[in-house]
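In listed order, ligands and their atoms are each counted from 1.
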Amino acid sequence: METKIVRIDPERVEDFEGALREAAEIIKRGGLVAFPTETVYGLGANALDSGAAERIYSAKGRPSDNPLIIHIAKKEDYEKYCIPENSEAFEKLKGRFVPGPITIIQKKRDIIPDTVTAGMDTVAVRLPSHPIAKRLIELSGVPIAAPSANTSGRPSPTKACHVIEDMMGRVDMIIDGGECEVGLESTIVLLKKDGVTLLRPGGVTLEMLEEAVGEVQVDRAVKGKLEEGEKPLAPGMKYRHYAPRASVVILKGEDGAVVSFMKSALKEESNGVICYREDGIDGGGRVEILGSKKDKSEMAHRLFDALRAFDSKEEIKKVYARLPEDSDLGLAIVNRLIKASGYTVIEVK
Ligand code: TXA
Ligand code: MG
């Protein structure tokens, strides 16, 4: 398949109507378009067309039991596709965080094909704030099903070059809209009569959710390792994810101990590290700086790019990374790093 790449300036979307109309035509006729959102790049197709959704699964090599998020362009559209059972919490979440990096799962309406929801009786719906995503959905006139635009198992793409690496020749069009602001996928919440459950932490933090709706349950898969056979509420959370080709090892401990462990690990040519700017570690191409220790937004923004950077360095077999504390955006970073490591954690003294 030939993949067309178009560059759109997210700050001047109105100057790119022609390209966006072409992208919307592709969606309408059942094709695939990768596009930027404020979280990560998505791999989009018409969410009302079962055949189009199947094409998403095959382009990503995604297991068919892992449902897709559908993206809408205006708040009124939620209830065309889902049935709220907890209107009070739903209105609060919508009022506070939408549009933005949050996905709300509720009971599904029949119009959404089973291919999109992997046979579940619920559907995940998100209204992105990114101007390119918003305009593309509007022009398409249908909701757009879109998982992250990576090959299944790889870190999610936060730059167009990541999408090109994974999806060239597999999709009809890639829209290059620059870097994604948040850098981690949306927060996912399950909304039921009896309460709100956090399934995947993201840009809307647990603290923000609690402030808006009161008590929030946290699915065990967010931080803990599941037992053999135990099923997370979001099917995608059971797969080893976000992982570069090298194996990732998490280091826990005091700053000084972690930094000296990393420095001595770097004496070995096959080791890399992901650290903070303040750590003062320099080792050329084998060191990725996540950002300032004090700035979790910067860390979130850089994380997947840092993980992907090691994929182009074949000599690197092991990557040591540190965990931020898990408050605020830290929980989402911890969640992705822990999953990338397959729960391999070393306590250093
Ligand atoms: O930020 C994002 O959410 C990005 C952008 C493109 O919007 N999308 C994204 O999609 O991260 P994906 O497919 O990579 O992750 C969706 C997660 C998966 O873990 C999936 O299992 C879960 O959402 N999910 C989707 N529908 C669900 C449902 N009905 N019930 C439970 N989990 C669901
Ligand atoms: Mg994904």
Side-chain angles (χ1 to χ4, degrees), residues 32-45 47 53 56-57 59-73 81-83 97-109 112-130 132-134 136-137 143-158 162-163 166-167 175 177 180-192 197-204 219 221-222 231-243 300 304 307 332 335-336 339-340:
L32 301 180
V33 177
F35 61 96
T37 81
E38 70 278 23
T39 57
V40 300
Y41 274 79
L43 173 55
I56 293 181
Y57 288 91
K60 278 185 63 103
R62 179 175 178 109
S64 60
D65 68 351
N66 193 1
L68 309 174
I69 294 174
I70 73 163
H71 297 70
I72 57 175
Y81 309 112
C82 61
I83 308 166
F97 307 121
V98 175
I102 186 165
T103 296
I104 304 173
I105 299 180
Q106 301 181 93
K107 219 169 166 42
K108 101 186 220 332
R109 289 197 193 270
I112 301 295
D114 285 341
T115 334
V116 168
T117 57
M120 295 180 81
D121 62 359
T122 52
V123 63
V125 185
R126 168 159 127 76
L127 199 172
S129 62
H130 195 289
I132 294 176
K134 187 163 175 283
L136 175 62
I137 304 163
I144 296 185
S148 48
N150 51 286
T151 306
S152 200
R154 291 204 73 201
S156 295
T158 56
H162 301 158
V163 182
D166 285 14
M167 290 299 149
I175 300 177
C180 301
E181 193 185 327
V182 180
L184 298 178
E185 308 87 342
S186 62
T187 300
I188 302 182
V189 293
L190 174 65
L191 216 56
K192 287 198 160 164
T197 311
L198 174 65
L199 306 192
R200 181 176 74 184
V204 173
D219 188 36
V222 168
K231 288 205 180 86
L233 292 168
M237 298 290 275
K238 71 174 174 277
Y239 296 106
R240 177 159 184 249
H241 231 134
Y242 316 117
F304 288 142
L307 287 172
N335 168 267
R336 304 314 191 273
K339 293 225 180 307

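- Atom CG in Leu190 sits 13.5 Å away from atom CZ in Arg200 (nearest 0.5 Å).
- For Gln106, there are no side-chain hydrogen bond (donor to acceptor under 3.5 Å, both in side chains) partners two or more places apart in sequence or in a different chain.
- Inclusion of Lys60 in the set of residues having an N or O under 3.5 Å from an N or O of ligand 1 is not warranted.
- For ligand 1, none of its N or O atoms has an N or O atom of Gly42 under 3.5 Å away.
- Note on ligand 1: His71 sits in its first shell, one or more heavy atoms being nearer than 4.0 Å.
- Ionic pairing of Asp114 and Lys108 is present here: one or more N-O contacts between side-chain nitrogen and carboxylate oxygen are shorter than 4.0 angstrom.
- Under 4.0 Å from ligand 1, heavy atoms of Thr122 appear from its side chain as well as its backbone.
- At a heavy-atom distance under 4.0 Å, no atom of Glu38 approaches ligand 1.
- When non-hydrogen atoms are compared, ligand 1 lies under 4.0 Å from the side chain of Arg200 (C-beta onward) but not from its backbone.
- Salt-bridge check for Arg126 with Glu38: passed, with a basic side-chain N closer than 4.0 Å to an acidic carboxylate O.
- Not a single heavy atom of Thr117 sits less than 4.0 Å from an atom of ligand 1.
- At a heavy-atom distance under 4.0 Å, only side-chain atoms of Met120, from C-beta outward, approach ligand 1.
- In terms of N/O distances under 3.5 Å, ligand 1 is not approached by Thr37.
- Distance CD1/Ile102 to CG/Leu127: 11.5 Å, rounded to 0.5 Å.
- Using a 4.5 Å heavy-atom cutoff, the side chains of Pro99 and Pro128 are not in contact.
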